[in-house]
Every structure is written in C-alpha cells, then in structure tokens.
Amino acid sequence: MGDWLNLLGLAMRAGKVITGEEPVLRAVRSGGAALVILSADAGPNTKKKVSDKCASYRIPLIQVGTRQELGRALGKAERVVIAVTDPGFSRAIGNRVSSH
C-alpha cells in the first residue's frame, strides 16, 4: 500500500474524510473540501461532474488509484470519490501522491 493511502486511512480515522459523490460535491460547494480524490477508474460521467465542480470551486483534484485501493485504504467497500476536509492532511496526501 502506498504511503499516501496510509495517510488517507489516518485521515479517515481522524474523521477528516467524506466519501460518496453527492456528499463530496456538497462539501465542494460549501467550501468544506480541501482536496478531492477521484479513482482513476471512475466512469466518464462521474469524472466530468467531479472535475467540473472542483475546477469551478478551485478545489484541488487528483485522479489516482482504483476504487478498490481507495476503499481498502478507508476500511470500506469500493470508493470512487473522496474529499479530504483537513488542509494539513490534504497537503500531505497531495505531496505524497505527486512524489509517488
């Protein structure tokens, strides 16, 4: 498991993660999301909807991992869209993904 996935799991245990398309989009609209993670195998409609919303609200978006990897990191079933609400976790995860 990648370093960033471990950090994502830590953020989940700290209560700083939102999962699911609609809750994540709500967090983006309300300014509660610091980073959005979209699985690389997300469907084209979901990719467009999430990337357009993040661009509109200027929320960083990364597309990485599979839905199974993201779900496993959170200790849940498959997850396609995740928002990290804490700026510190967001920065650390973004840095580790970019160096990955």
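Numbers here simply count residues along the sequence, with the first being 1.
Taking the charged nitrogens against the carboxylate oxygens, K49 and E22 do have a contact shorter than 4.0 Å, which makes a salt bridge.
Residues that satisfy the salt bridge (charged side-chain N to carboxylate O under 4.0 Å, His left out) test with E78, not counting sequence neighbours, are absent from this structure. For the side chain to side chain contact (heavy atoms under 4.5 Å, CB included) test, residues two or more places apart in sequence or in another chain that qualify with P60 are L35. For K47, the side chain to side chain contact (heavy atoms under 4.5 Å, CB included) partners at least two apart in sequence or on another chain are L38, A42, Q63. With sequence neighbours left out, A14 forms a side chain to side chain contact (heavy atoms under 4.5 Å, CB included) with K16, F89.
Considering L74, V36, V24, I18 as possible partners of I82, the one that fulfils the side-chain contact (heavy atoms from CB on, under 4.5 Å) test is L74.
Considering every non-hydrogen atom in both A33 and I59, the closest pair reads O-CD1, 3.3 Å. Taking each heavy atom of R96 and D3 in turn, the nearest pair found is NH1-OD2, 3.4 Å.
Applying the salt bridge (Lys or Arg N to Asp or Glu O under 4.0 Å) test to residues at least two apart or on different chains, none of the pairs has a partner in residues 79-95. Applying the salt bridge (Lys or Arg N to Asp or Glu O under 4.0 Å) test to every pair with at least one member in residues 32-41, sequence neighbours left out, gives these pairs: D41-R67.
Looking only at distances, no side-chain donor or acceptor of S90 sits under 3.5 Å from a matching main-chain atom of V84.
Side-chain contact check for V80 versus L70: every heavy-atom pair is 4.5 Å or farther apart.
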